[in-house]
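Quick note on labels: first sequence line is chain A, next is B, and so on, each numbered from 1.
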Amino acid sequence: MKIASWNVNSLNVRLPQLQDWLRDFAPDVVGLQETKLEDHRFPDAALAELGYRSVFHGQKTYNGVAILARERALDDVQVAIPGFDDVQARAIAATVNDVRIVNLYVVNGQDIGTEKYAYKLRWLDAVHGWLADELRKHPKLVVLGDFNIAPDDRDVHDPATWNDDHILTSTAERAALKRLLDLGLHDGFRLHHDGAGIFSWWDYRQAAFRRNLGLRIDLTLVSDALKDDAVDAGIDRTPRTWERASDHAPAFVTLRG
DNA sequence: ATGGTTGATTTTCAA
């Protein structure tokens, strides 16, 4: 089962690319972020033509998440973080076969010391409580999404700039991510790749993609119970090369069976 | 320090 995460940065703009990518890459499950669509505008019929069922949680202009599954049901759908008052559509979960999928669009946080940064840390704290509960109910758990945190220095093109005092790499953000991993989750990518310089996001500015000035902030985490089943993981750079691309490339993990 | 680019709605905001 190939499970992927892609921040599409507007599904309205990116739908043709998503359709092409679903045909080419043929993931079994996909978490999308930044759909930027109200639910009544979600293109579920167009995706159904390719064999994908969809569940989604969106809003106008910003944010928005969805989970797609090919030829499989999406059960026990949870929209938003339980018990956390949030006007932003950033989280959705569903069960596919016997695997629980949690899809997150983690708050960006703008800059350290801002209100948005404080919201990011509060939001991640709420996610921690939610995932602890999900793990109790569903030992086979995959948590994927745009985490807006680069786990360590191998995941940034310039560690001198992307340091302890910088957004997406700050001490508090990395500590919050580590706290999630300490629940019993593993970065699928790092189960199969040790090296530096493989990224999932490149700024639109300064020809960052051409120069590979990126970060790896899109993650696919697998629980202890799934660790030995995660036979492959990576990032599909292809959609980032297309005309009018999203600034993110899809990250994926493949589970045996 | 600033700015560079893209997307959705504007006369900026968010990333």
Side-chain angles (χ1 to χ4, degrees), chain A residues 5-21 31-43 46 56-66 80 86-92 103-124 127 144-151 155-170 172-174 176-177 199-219 235-251:
Chain A
S5 172
W6 191 14
N7 180 323
V8 291
N9 187 17
S10 171
L11 186 51
N12 189 43
V13 170
R14 228 67 66 193
L15 178 60
Q17 294 189 17
L18 176 61
Q19 291 168 309
D20 286 347
W21 180 73
L32 302 176
Q33 305 88 35
E34 286 206 87
T35 55
K36 303 187 181 181
L37 289 177
E38 292 176 286
D39 289 346
H40 71 271
R41 294 185 59 209
F42 194 89
F56 38 86
H57 173 44
Q59 64 186 103
K60 201 172 174 181
T61 309
Y62 304 119
N63 309 311
V65 285
D86 197 355
V87 298
Q88 303 196 16
R90 294 181 172 275
I92 188 168
N103 176 25
L104 305 176
Y105 175 44
V106 175
V107 178
N108 174 286
Q110 189 179 39
D111 274 310
I112 294 174
T114 63
E115 178 48 46
K116 288 174 187 170
Y117 184 76
Y119 167 52
K120 181 176 195 172
L121 297 179
R122 280 200 310 279
W123 196 90
L124 287 164
V127 165
L144 52 78
D146 175 358
F147 279 72
N148 270 315
I149 302 170
D155 304 310
V156 307
H157 67 271
D158 177 12
T161 298
W162 298 91
N163 60 29
D164 291 353
D165 300 313
H166 200 289
I167 193 71
L168 310 190
T169 52
S170 72
E173 290 166 88
R174 282 175 162 168
L177 175 59
F199 306 128
S200 67
W201 172 81
W202 301 261
D203 200 295
Y204 283 123
R205 295 164 283 192
Q206 299 174 320
F209 181 65
R210 182 178 58 73
R211 301 159 67 200
N212 198 30
L213 305 179
L215 305 180
R216 192 175 67 89
I217 55 178
D218 300 272
L219 309 178
I235 293 160
D236 181 13
R237 292 167 53 98
T238 306
R240 189 63 179 81
T241 69
W242 293 341
E243 283 288 318
R244 209 182 181 190
S246 168
D247 44 353
H248 294 253

[N] versus [M] - spacing of their [atom1] atoms, nearest Å:
{"N": "B:dT11", "M": "B:dA1", "atom1": "P", "value": "31 Å"}
{"N": "B:dG3", "M": "B:dC13", "atom1": "P", "value": "15 Å"}
{"N": "B:dT5", "M": "B:dT9", "atom1": "P", "value": "22 Å"}
{"N": "B:dT2", "M": "B:dA8", "atom1": "C1'", "value": "25 Å"}

Can you tell me how far P of B:dG4 sits from CZ of A:Arg210, to the nearest Å?
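Result: 17 Å.
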Whether the A:Gln33 and A:Asp146 side chains hold a donor-acceptor pair (N or O, under 3.5 Å, no angle test) is what I'd like checked.
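No, no side-chain donor-acceptor contact under 3.5 Å.
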Any sub-3.5 Å donor-acceptor pair from A:Ser200's side-chain atoms to A:Ala251's backbone N or O?
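Absent.
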Measuring from A:Asn108:CG to A:Ile149:CD1, what's the distance to the nearest 0.5 Å?
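One finds 10.5 Å between CG of A:Asn108 and CD1 of A:Ile149.
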Which parts of nucleotides 6-15 of chain B does protein reach within less than 4.0 Å, heavy atoms only, written one letter per nucleotide 5' to 3' as B for base, S for sugar-phosphate only and - for none?
SSSS----SB
Applying side chain to side chain donor-acceptor pair (under 3.5 Å), can you list everything that pairs with A:Tyr62, at least two apart in sequence or on another chain?
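Result, side chain to side chain donor-acceptor pair (under 3.5 Å) vs A:Tyr62: none returned.
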With A:Arg41 via side chain to side chain donor-acceptor pair (under 3.5 Å) - residues at least two apart
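In terms of side chain to side chain donor-acceptor pair (under 3.5 Å), with neighbours along the sequence ignored, A:Arg41 is linked to no residue.
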Determine, step by step, whether A:Asp247 and A:Trp201 satisfy the side-chain contact (heavy atoms from CB on, under 4.5 Å) criterion, reporting the C-alpha distance in whole Å, the side-chain angles of both residues, the deciding distance to 0.1 Å, and the verdict.
CA-CA 6 Å; A:Asp247 44 353; A:Trp201 172 81; 3.2 Å; yes
